[in-house]
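First listed ligand is number 1; within each ligand, the first listed atom is number 1.
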Amino acid sequence: MLRCNDYIFAESLEEAYKLNQKKNNVIVGGNGWLKLRKRQWGTVIDLSGLGLDKIDENDEEFRIGAMVCLSDLENHKGLDKYTCGAVKDSLKHIVGTQFRNTVTVGGSIYGRFGFSDVLSIFMAMDSYVELYKGGIVVMSEFAKMPYDRDILVNIIIKKKPLKIGYSSFRNQSTDFPVVTCAVAIGEGRIATVVGARPSKADIRTDSAEALEDINDYAIKTAKSFDYQSNMRASAEYREHIAKVLIKRTVERIINN
Ligand SMILES: Cc1cc2nc3c(=O)[nH]c(=O)nc-3n(C[C@H](O)[C@H](O)[C@H](O)COP(=O)(O)OP(=O)(O)OC[C@H]3O[C@@H](n4cnc5c(N)ncnc54)[C@H](O)[C@@H]3O)c2cc1C
């Protein structure tokens, strides 16, 4: 349950930013993760009145507001077409429809969770976060940045000519993933993201020539990430699954 002394609907990003500088205050997205924390907050800052719940698309890019819920991402026709269904594939196993109707893309990316399907798929694309004070930052850089008190306003995806694919492996449907894998091929290169190792998603890029032998590419790329064991899987098992997911995802993209 979310416990707080005060709950404010911010009237501007500046107001939200100023309130968020106090350590005991917090921004709320969809409250999916925040409510699990056993803490009494000072002021909870709600961004839902700031028009950040829209996805804008033009010839060059998608601009996705931080308060867009995961099911709006999942059902956006333009994103689905651009990513050949990969965004939908990345989100469809996250808990259930009602949950995805409430949790936000801003909370998901800001959280930079190790298990994140959301971070994994965005990292494979040419994507950026727009921070209120920090400006525009490449997604893979943002993933490594320490948590601060800035506000994530938008996520931007540049429409590069890429073919994109997504796979994940779960011990049980709707559980956290054991391994996530997102691949983007285009402009003479391949980018492969592997997440839930269980540490957060990371990316490897190679020239497209590396795909002359897909099996070899999958083995080498899977080996280049580090893995740890936890209650869901051992490090060795994760590496094996990563290899299988990379190979299958690349083959699916190439054969489509
Ligand atoms: C039981 C459970 C299972 C899950 N399974 C998966 C899964 O399989 N795969 C997956 O990818 N994800 C999974 N998630 C994560 C989920 O998809 C969301 O990413 C998560 O709930 C956070 O989104 P939210 O909108 O609820 O954010 P909140 O819980 O509201 O916020 C999360 C954090 O982000 C901060 N924040 C929110 N919005 C902003 C903003 N605009 N600017 C700055 N900071 C902000 C908050 O202060 C807080 O620290 C799971 C979550 C739960 C609770």
Original post:
ligand 1 versus Arg37, non-hydrogen atoms closer than 4.0 Å: side chain, backbone, both, neither?
Top reply: neither
Subject >> For atom 37 (C) of ligand 1, the option (of Gly107, Gly30, Cys69) bearing the nearest heavy atom >> reply: Gly107
Original post:
Given that the side chain starts at C-beta and the backbone is N, CA, C, O, which of these parts of Asp150 lies under 4.0 Å from ligand 1, counting heavy atoms, or is it both or neither?
Top reply: backbone
Original post:
Which residue and non-hydrogen atom of the protein lie closest to atom 44 (N) of ligand 1, and at what distance in Å?
Top reply: Tyr110 CG, 3.2 Å
Please set out all donor-acceptor pairs under 3.5 angstrom arising from side-chain atoms of residues 4-11, sequence neighbours excluded.
{"from": "Asn5", "atom 1": "OD1", "to": "Gln40", "atom 2": "NE2", "distance (Å)": "2.9"}
{"from": "Tyr7", "atom 1": "OH", "to": "Asp46", "atom 2": "OD2", "distance (Å)": "2.4"}

Original post:
Any idea which of Leu2, Asn25, Val95, Leu34 brings a heavy atom closest to atom 48 (C) of ligand 1?
Top reply: Leu34
Subject >> Salt bridge present between Glu239 and Lys243 (N-O < 4.0 angstrom) >> reply: no
Original post:
Just going by heavy-atom distances, which of Tyr17, Phe113, Phe115, Trp41 is nearest to atom 14 (N) of ligand 1?
Top reply: Phe115
Original post:
Looking at Ile121, Asp117, Leu70, Ile164, which one forms a side chain to side chain contact (heavy atoms under 4.5 Å, CB included) with Val87?
Top reply: Ile121
Original post:
Who gets closest to atom 39 (C) of ligand 1 by heavy atom: Thr180, Asp117, Ile27?
Top reply: Ile27
Subject >> Contact list for residues 30-61, test ring-ring contact (aromatic ring centres under 6.0 Å, His included), sequence neighbours left out >> reply: Trp33-Phe113, Trp33-Phe115
Original post:
Which is it for Ser116 and ligand 1 at heavy atoms under 4.0 Å: side chain, backbone, both or neither?
Top reply: both
Original post:
Between Met123 and Ala143, what is the shortest heavy-atom contact and its length?
Top reply: SD-CB, 4.2 Å
Subject >> Distance under 6.0 Å and angle within 45° of ring axis: Lys159 vs Phe62 >> reply: yes
Subject >> Atom indices of ligand 1, in the order listed, that fall short of 4.0 Å to a heavy atom of Arg170 >> reply: 7 (C), 8 (O), 9 (N)
